[in-house]
Amino acid sequence: MITIIYDKIEPPKEFVPFLRKFNTHEINIIIAPTFDYKSPIGIRYMPTFISLIKKLSGRKFRTSYRFSEILHSLNLSENRRSDFEMAISIMATLWLNNNLNLIDYFGRIADALKIEFKIYPLTDPPLLVLVETESGRVPPYKIYEGEVEFSKIRQISFNGVDKIKVPSEVKKVFEESNKVILYQPSVITVKLLNELEEFQKILQSHSGTIIYLLPDKINPVDSAILAREGLSQDWTGLIEMIHKGVDVIVFDENKTGILEAATKYQIAFFPISYDVETKEGVNKFVESLLKILSLNSSRK
């Protein structure tokens, strides 16, 4: 069984084709809450979860923005969200406000949308990433979308990270998986995984292979976070940030400088093509990753 740690605001082109190569019972997807946030009126938005279930669901919903427009007209919302997004977000907010488990909500929504892949939250109750700027708090996605200059950010933290627990159901998923994939996580997610004590215990005790699929690029936000962590603002810094917990690193074959740094780590490095702009490119990426997964590279 394979477990994927995932945090994308929108699924990459190759992600769902990769998932489709497996029987649904062979894959678990763990959603990192990196880009979740609360609106000023308290609605919890979960862009990673919502975009993924929309992609995986066989059901189609008419795209309308009526509810979001009503909130905007009442000066209660600044963002334009589809009615589907609003429905999922408002129900999640009510669910959590009633002290119900988010893991059960994920399962109920997946069942309703006839999604057979198992999707779990990394933490339950969920935490929030707190990004403090000179002018107040902003959702993390805004700095990745360039809406906020990183130079104006004072602090990035995780509320209650020392008390937050990984659900027992998620721990069991990790225990039963022979491979874990960190699927191109943002640097903020890597920082969260490093600070989440429960997750570090899972990594240390995991007997299978842990694969770190590097992102296709390091953007200015990532570079700035690496600098604040006292690491070099390049691929070496990114690898240094998490290398102690992984067995395999997969990277874009065009980033030749990565191999130059590989000799200092007891990790297997595999270059593959990250060109997924065409169907042929997607197929090549997926087949290359499948070949790597077929290898047993655990060093534990």
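Between the side chain of Asp247 and the main chain of Ile210, a donor-acceptor pair closer than 3.5 Å is present. Put simply, the side chain of Asn98 never gets that close to the backbone of Leu100: no donor and acceptor are under 3.5 Å apart. Formation of a donor-acceptor pair under 3.5 Å by the Asn101 side chain with backbone atoms of Asp104 is not found in this model. Using modelled atom types, one side-chain atom of Asn219 and one backbone atom of Val221 make a donor-acceptor pair closer than 3.5 Å. With Ser294 contributing its side chain and Lys291 its backbone, the two residues share a donor-acceptor pair below 3.5 Å. With Ser73 contributing its side chain and Ile70 its backbone, the two residues share a donor-acceptor pair below 3.5 Å. When atom types are taken as modelled, the side chain of Ser39 and the backbone of Ile43 share a donor-acceptor pair closer than 3.5 angstrom. Between the side chain of Asp124 and the main chain of Pro167, no donor-acceptor pair closer than 3.5 Å is present. No donor-acceptor pair closer than 3.5 Å links the side chain of Ser82 to the backbone N or O of Tyr65. When atom types are taken as modelled, the side chain of Asp83 and the backbone of Arg66 share a donor-acceptor pair closer than 3.5 angstrom.
The CD1 atom of Ile5 sits 12.5 Å away from atom CG of Leu213, with the distance rounded to the nearest 0.5 Å. Atoms OG1 and NZ, on Thr48 and Lys8 in that order, are 9.5 Å from each other to the nearest 0.5 Å. The CD1 atom of Ile115 lies 11.0 Å from the CZ atom of Phe106; values are rounded to the nearest 0.5 Å. Distance check, rounded to the nearest 0.5 Å: OG of Ser207 to CG of Asn178 gives 8.5 Å. Once rounded to the nearest 0.5 Å, the distance linking CZ of Phe84 with CG of Leu113 reads 5.0 Å. Leu295 CG to Ile211 CD1: the interatomic distance, rounded to the nearest 0.5 Å, is 8.5 Å.
A donor-acceptor contact under 3.5 angstrom links the side chains of Asp234 and Ser232, judged on distance only.
Taking all atoms of both residues into account, the shortest heavy-atom contact from Leu130 to Arg137 is CD2-NH1, 3.6 Å. What you find for Ser223 and Ile218 is that their closest heavy atoms are OG-CG2, 3.4 Å. When all heavy atoms of Lys13 and Val276 are compared, the closest pair comes out as CD-O, 3.4 Å. Closest heavy-atom contact between Val129 and Pro33: CG2-O, 4.4 Å. Nearest heavy atoms, Lys55 versus Arg20: O-NH2, 4.4 Å. Closest heavy-atom contact between Ile164 and Leu196: O-CD1, 4.1 Å.
For Arg108, the CZ atom counts as loosely surrounded, since its 6.0 Å shell holds 12 or fewer non-hydrogen atoms of other residues, nucleotides or ligands. Atom CD of Glu26 sits in a crowded spot, with more than 12 heavy atoms from other residues, nucleotides or ligands closer than 6.0 Å. Within a 6.0 Å sphere centred on NZ of Lys255, other residues, nucleotides and ligands contribute more than 12 heavy atoms. Atom CD of Gln200 sits in a crowded spot, with more than 12 heavy atoms from other residues, nucleotides or ligands closer than 6.0 Å.
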Report the C-alpha distance between Leu203 and Phe174 in whole Å, list the side-chain angles of each, state the deciding distance to 0.1 Å, and finish with yes or no for side chain to side chain contact (heavy atoms under 4.5 Å, CB included). CA-CA 9 Å; Leu203 278 188; Phe174 280 112; over 6 Å; no

If you apply the rule salt bridge (charged side-chain N to carboxylate O under 4.0 Å, His left out), what do you find for Glu198 with Lys171, and how did you get there? CA-CA 9 Å; Glu198 287 276 295; Lys171 289 181 180 179; 2.7 Å; yes

Please report the C-alpha distance between Ile29 and Ile31 in whole Å, then the side-chain angles of each, then the deciding distance to 0.1 Å, and finally whether the side chain to side chain contact (heavy atoms under 4.5 Å, CB included) criterion is met. CA-CA 6 Å; Ile29 304 170; Ile31 302 290; 4.2 Å; yes

Please report the C-alpha distance between Arg44 and Leu128 in whole Å, then the side-chain angles of each, then the deciding distance to 0.1 Å, and finally whether the side chain to side chain contact (heavy atoms under 4.5 Å, CB included) criterion is met. CA-CA 10 Å; Arg44 185 184 183 97; Leu128 286 174; 3.3 Å; yes

Step-by-step side chain to side chain contact (heavy atoms under 4.5 Å, CB included) determination, Ile27 to Lys118: CA-CA 7 Å; Ile27 293 285; Lys118 296 296 184 182; over 6 Å; no

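With contacts defined as side-chain heavy-atom distances shorter than 4.5 Å, the pair Ile50/Ser89 qualifies. Between Leu293 and Lys179, some side-chain heavy-atom pair lies under the 4.5 Å cut-off. Pro126 has its side chain within reach of Leu96: a pair of non-hydrogen atoms, C-beta onward, lies under 4.5 Å apart. Side-chain contact between Ile119 and Leu56: present, with at least one pair of heavy atoms (C-beta onward) separated by less than 4.5 Å. Counting heavy atoms from C-beta outward, Ser51 and Pro11 have side chains that approach closer than 4.5 Å. For the pair Val180 and His206, the minimum side-chain heavy-atom distance is below 4.5 Å. With a 4.5 Å cut-off on side-chain heavy atoms, Val173 and Tyr120 count as touching. Asn28 is not listed as a side-chain neighbour of Ile4, based on a closest heavy-atom distance of 4.5 Å or more.
A cation-pi arrangement is found for Arg81 relative to Tyr45, the charged atom lying closer than 6.0 Å to the ring centre and inside a 45° cone about the ring normal.
Under the 4.5 Å side-chain contact rule for hydrophobic residues, Met1 and Leu122 do not share a cluster.
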Could you give the side-chain donor-acceptor pairs of residues 181-195 under 3.5 Å, partners two or more places apart or in another chain?
from	atom 1	to	atom 2	distance (Å)
Tyr183	OH	Glu14	OE2	2.7
Gln184	NE2	Leu214	O	3.3
Ser186	OG	Asp7	OD2	3.0
Ser186	OG	Thr189	N	3.2
Ser186	OG	Thr189	OG1	3.1
Thr189	OG1	Asp7	OD2	2.5
Thr189	OG1	Thr34	OG1	2.4
Lys191	NZ	Glu195	OE2	2.9
Lys191	NZ	Glu229	OE2	2.9
Asn194	ND2	Met241	O	2.9

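Qualifying ring pair (Phe, Tyr, Trp, His ring centres under 6.0 Å) partners for Phe117, counting only residues two or more places apart in sequence or in other chains: none.
In this structure, Phe270 has its ring center no closer than 6.0 Å to that of Phe251.
Ion pairing of Glu280 with Lys284 is absent here, as no side-chain N (NZ or NE/NH1/NH2) approaches a carboxylate O to less than 4.0 Å.
By the 30° and 60° cut-offs, the orientation of the rings of Phe49 relative to Tyr105 is tilted.
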